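The structure appears below as structure tokens.
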Amino acid sequence: SQQGEEDPQALSIQEGENATMNCSYKTSINNLQWYRQNSGRGLVHLILIRSNEREKHSGRLRVTLDTSKKSSSLLITASRAADTASYFCATDPGGSYIPTFGRGTSLIVHP
Amino acid sequence: EAGVAQSPRYKIIEKRQSVAFWCNPISGHATLYWYQQILGQGPKLLIQFQNNGVVDDSQLPKDRFSAERLKGVDSTLKIQPAKLEDSAVYLCASSLGQQQETQYFGPGTRLLVL
């Protein structure tokens with residue numbers, strides 16, 4: 001079974017809007033990572049947040065982590081058509097350092 | 001800095017045939033991962049190497065899949081014999097260390113088994 005599950009499965013927004021996707025997991029973790037995948041560039045690392053951190057920013061990306069709820073969110077502000085991609089969270093179940101990916105959220109940004 | 005290299009990019013074979021994929025990680029990266037990604041799903045870890053030792057291969061179907069990382073650098077993943085359900089993209093990734101640091105992915109090999 002998947003350790004991390006992204007929600008929603010699909011998201012469709014207009015350019016300029018914000019996009020929020022969530023990741024829930026089941027066991028303790030050392031850190032959580034978000035990746036993006038599109039047909040042009042393959043899987044690309046976006047951001048890593050450690051279990052003792054609550055929020056991280058990178059450009060238009062904001063990631064939060066709530067270890068008490070075992071959940072994380074990825075916010076993309078002022079979205080662009082180029083943000084159209086699938087977004088995956090990856091965790092290490094039980095703090096194993098063995099990565100497990102979720103099924104992903106498919107984001108479509110309409111120009 | 002060169003990225004993770006994989007070859008071939010595409011492969012079409014018939015069921016029961018054999019196939020091998022090659023990966024060259026980023027120079028200096030100790031950890032190498034092979035993933036299987038079926039259409040519409042997230043990547044599933046098949047095997048993780050730390051240098052030339054296996055860290056985890058619990059999801060590798062060992063009756064037909066094998067992988068090696070000689071000298072702790074390049075790696076090959078082999079399927080013998082292939083089944084229809086092995087049709088997927090096989091991704092190789094590497095990271096500096098084992099502690100789930102940032103993984104850098106190659107472009108993948110798209111396998112179609114007929």
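Keep in mind it's a predicted model, so treat the numbers as computed, not measured. Hydrogens, waters and symmetry mates play no part in the numbers below; they use all other heavy atoms, side chains included.
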- [ ] Decide if atom NZ of A/K56 counts as having more than 12 heavy atoms of other residues, nucleotides or ligands within a radius under 6.0 Å.
- [x] yes
Whatever's closer than 4.5 Å to a heavy atom in chain A on B/Q37 counts as side chain
The interface call for A/Q37 against chain B, heavy-atom contacts under 4.5 Å, is side chain
Taken to the nearest 0.5 Å, the spacing of B/K44 NZ from A/R103 CZ works out to 11.0 Å
Taking every heavy atom of B/Q103 against every heavy atom of A/F101, the minimum-distance pair comes out as NE2-CE1, 4.4 Å
CG of B/D56 to OG1 of A/T100, rounded to nearest 0.5 Å, is 8.5 Å
- request: Kindly check if the number of other-residue, nucleotide or ligand heavy atoms within 6.0 Å of NZ (B/K71) is above 12?
  value: no
Cluster link A/W34 to A/I49, ILVMFWY, side chain under 4.5 Å:
yes
Heavy-atom closest pair (A/L43 atom, B/P43 atom, distance to 0.1 Å) is CD1-CG, 3.6 Å
Treat each ILVMFWY residue as a node, draw an edge where side-chain heavy atoms are under 4.5 Å apart, and state whether B/V89 and B/L60 are in one component. no
Between A/Q33 and B/T102 the two heavy atoms that sit nearest each other are OE1-CA, 3.7 Å
Output for pair (B/Q48 CD, A/I98 CD1), nearest 0.5 Å, gives 6.0 Å
message: Hydrophobic clusters here meaning ILVMFWY residues chained together by side-chain heavy-atom distances under 4.5 Å, can you tell me if B/V73 and B/F49 are in one?
response: no
Original post:
In the single-linkage hydrophobic clustering (I, L, V, M, F, W, Y; side-chain heavy atoms under 4.5 Å), do B/L32 and B/V55 co-cluster?
Top reply: no
message: Between B/F21 and B/F65, is there shared hydrophobic-cluster membership here, with clusters defined by ILVMFWY side-chain heavy atoms closer than 4.5 Å?
response: yes
All heavy atoms of A/F88 vs all of B/G42, minimum pair found to be CE2-CA, 3.4 Å
